[in-house]
Amino acid sequence: MLIPKPSLLDFTQKELMQLIKPSFRAKQIFGWLYHQYAENFDDMLNIPKSLREELSQKYVVNPIKIIRKEISEDGTIKYLFELQDGKTVEAVWLKMKDELRDINDVLIQEAKYTICVSTQVGCKVGCTFCLTAKGGFTRDLTAGEIVAQVVNLKRDNNHKHNRKINIVYMGMGEPLDNLDNLAHAIEIFQENEGLAISGKRQTVSTSGLSSKIDKLGAMDLGVHIAISLHAVDDTLRTELIPMNKAHNINSIIEAVKRFPIDTRKRVMFEYLVIKDKNDDLGSAKKLVKLLSDIKAKVNLIYFNPYPGTEYKRPKKEDMIAFQEYLVKHGLLCTIRDSKGIDISAACGQLKEKTEGER
Ligand code: SAH
Ligand code: SF4
């Protein structure tokens, strides 16, 4: 196995300009990385060969490679990547809106996409319903490995650098457990001469490390947060998410209230619905109360079963009744349509499948 090298995707443009001289070359290389999606140094045709050779001694351009792809009927594409050390992580390409054409087949609006990225190999949080947790924790992803997931998906889907895209940190791992690399990746995405993905287009999903929610807030990156709440009382939440013992529901709600958000926006609360665990209207009632003084939006998610789990997928009518209760009591609520249900859509499921086949 090759010894892993840092990637050029690990750096902001300013950092790259400090590493590579003369600095106009660094700017050109930045363009190759984010506008042309270069995969290796040989692609960078206007960069002198000597500089390319020098850089290739120390760095790689693309630190990850696609080793598996599953395409769903609804346009969702799930990717499995291999990292330089042979570990694997997933990312998902989600089609949020179809393109619009008029009667003459002229394009009115382009399709809209969201990319779901991973932040760690495995996860320390250990949620009992989550397949990623089963394999334990291996390591944090570098900023470059996080950035590379988006670059590779955009390249693979011929998505031009200046087309808008949303990023959700909802793949494998707990983003706030890898806060420094996450924050660095967020800044690299925001680069005006790079992909220019503003904070508003990036959503960090967390299982609720309340002290780290405060830290992320203090960084003032302008990102949204989504809280994986999943339960309305601490007993059940601790069963589902063991670290709830240290960061209970109340501490999360208080941290959310302190988080700097655009006053026109809402904080998203994810509620994974598991049959006979948290799918009753009593829970819905408690949820309304819990979120009463927050500008919140609830996203109900069907539990997606996998072999060996004791949890079950809820019934559709119970999901709808739950949603109707919330809406009737003034809470904005959507049911996450099961994007990619025919592929292994939930976090960790493609990796598990592939390892099972190896
Ligand atoms: N660690 C972060 C982000 C990654 S998990 C977090 O927990 O928020 C991303 C989402 O996948 C979480 O909302 C989690 O609840 C959900 N998830 C995990 N296992 C799932 C399963 N089997 N079915 C449906 N959603 C699942
Ligand atoms: Fe980690 Fe999120 Fe899975 Fe929990 S749901 S184990 S926090 S990845």
Side-chain angles (χ1 to χ4, degrees), residues 76 78 89-92 94 114-141 146 149 167-179 181-182 185 202-210 212-213 216 223-231 236-247 249 252 255-256 267-275 277-279 297-314 319 334-341 343-353:
T76 304
K78 187 140 187 171
V89 290
E90 300 173 5
V92 190
L94 296 149
T114 291
I115 299 178
C116 171
V117 304
S118 292
T119 52
Q120 297 179 313
V121 182
C123 186
K124 288 179 197 162
V125 179
C127 301
T128 50
F129 54 82
C130 173
L131 202 49
T132 298
K134 298 273 180 274
F137 172 74
T138 305
R139 72 169 174 88
D140 286 331
L141 295 189
I146 297 172
Q149 295 171 56
I167 298 174
V168 292
Y169 298 91
M170 285 187 192
M172 306 172 79
E174 167 53 50
L176 297 189
D177 243 349
N178 185 14
L179 185 54
N181 293 345
L182 170 79
Q202 304 188 50
T203 301
V204 176
S205 174
T206 176
S207 54
L209 306 173
S210 35
K212 300 275 186 71
I213 294 174
L216 178 70
V223 291
H224 292 299
I225 45 168
I227 306 292
S228 289
L229 192 65
H230 308 336
L236 177 63
R237 195 163 193 276
T238 304
E239 178 195 319
L240 300 175
I241 310 174
M243 66 101 206
N244 184 65
K245 265 208 181 110
H247 303 269
I249 296 178
I252 297 170
V256 168
V267 176
M268 166 130 79
F269 285 83
E270 315 244 33
Y271 190 91
L272 179 71
V273 188
I274 305 174
K275 188 172 185 288
K277 281 278 179 193
N278 61 1
D279 59 349
K297 183 169 92 187
V298 175
N299 195 4
L300 299 178
I301 311 166
Y302 280 94
F303 172 69
N304 200 11
Y306 48 87
T309 179
E310 59 184 281
Y311 300 127
K312 296 190 182 78
R313 188 182 162 87
M319 280 293 258
T334 50
I335 296 179
R336 189 189 288 172
D337 49 356
S338 308
K339 284 201 178 300
I341 192 88
I343 58 174
S344 325
C347 159
Q349 297 190 352
L350 182 62
K351 179 182 166 97
E352 178 79 9
K353 199 162 149 186

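Nothing fancy with the numbering, it's 1 onward along the sequence. Counting convention: from 1, in listed order, for ligands and their atoms alike.
Of the candidates Asn178, Asn181, Leu182, Thr138, Gln120 forms a side chain to side chain contact (heavy atoms under 4.5 Å, CB included) with just one, namely Asn178. The one candidate from Leu176, Leu179, Leu216, Ile252 that meets the side chain to side chain contact (heavy atoms under 4.5 Å, CB included) condition with Leu209 is Leu176.
When every heavy atom of Glu90 is checked against every heavy atom of Gln149, the shortest pair comes out as O-OE1, 3.6 Å. Of all the heavy atoms in Ile241 and Ser228, the pair that sits closest is CD1-O, 3.9 Å.
A distance-only check finds a donor-acceptor pair linking the side chain of Ser118 to the backbone of Met172 [under 3.5 Å]. A donor-acceptor contact shorter than 3.5 Å is absent between the side chain of Asn244 and the backbone of Arg237. Looking only at distances, a side-chain donor or acceptor of Thr128 sits under 3.5 Å from a matching main-chain atom of Glu239.
Interface atoms of ligand 1 facing Thr206, defined by a heavy-atom separation under 4.0 Å, are 6 (C), 8 (O). Within the listing of ligand 2, atoms 1 (Fe), 6 (S), 7 (S), 8 (S) sit less than 4.0 angstrom from a heavy atom of Cys123. For ligand 2, the atoms sitting less than 4.0 Å from at least one non-hydrogen atom of Ala133 are 6 (S), numbered in the order shown with element in parentheses. Atoms of ligand 1 found under 4.0 Å from any heavy atom of Gly171 (numbered from 1 in listed order, with element): 4 (C), 5 (S).
Every N/O-N/O distance between Tyr169 and ligand 1 stays at or above 3.5 Å. Checking only distances, Pro175 never comes within under 3.5 Å of ligand 1, N or O to N or O. Backbone and side-chain nitrogen or oxygen atoms of Glu270 are examined, and none is located within less than 3.5 angstrom of a nitrogen or oxygen of ligand 1.
Compare Glu174, Met268, Met170, Met172 by their heavy atoms: the one nearest to atom 10 (C) of ligand 1 is in Met170. In the candidate list Ser205, Gly173, Gly126, Ser207, Gly173 is nearest to atom 8 (S) of ligand 2, counting heavy atoms.
Contacts between His230 and ligand 1 below 4.0 angstrom, taking non-hydrogen atoms only, involve the side chain exclusively. With a heavy-atom cut-off of 4.0 Å, Ser228 touches ligand 1 through its side chain alone. Of the heavy atoms in Leu272, only side-chain atoms (C-beta onward) come closer than 4.0 Å to ligand 1.
Residues that satisfy the ring pair (Phe, Tyr, Trp, His ring centres under 6.0 Å) test with Tyr271, not counting sequence neighbours, are Phe322. For the ring pair (Phe, Tyr, Trp, His ring centres under 6.0 Å) test, residues two or more places apart in sequence or in another chain that qualify with Phe129 are His230.
Distances from ligand 1 to the non-hydrogen atoms of Gly173 include at least one value under 4.0 Å. For the ligand labelled ligand 1, residue Tyr302 lies inside the 4.0 Å heavy-atom shell. Residue contacts with ligand 1: Cys123 is excluded, as none of its non-hydrogen atoms falls under 4.0 Å.
Between Glu174 and Lys124, none of the side-chain N atoms (NZ, or NE/NH1/NH2) sits under 4.0 Å from a carboxylate O, so this pair counts as no salt bridge.
The distance from atom 4 (Fe) of ligand 2 to the nearest N/O/S atom of Cys130 is not under 2.8 Å.
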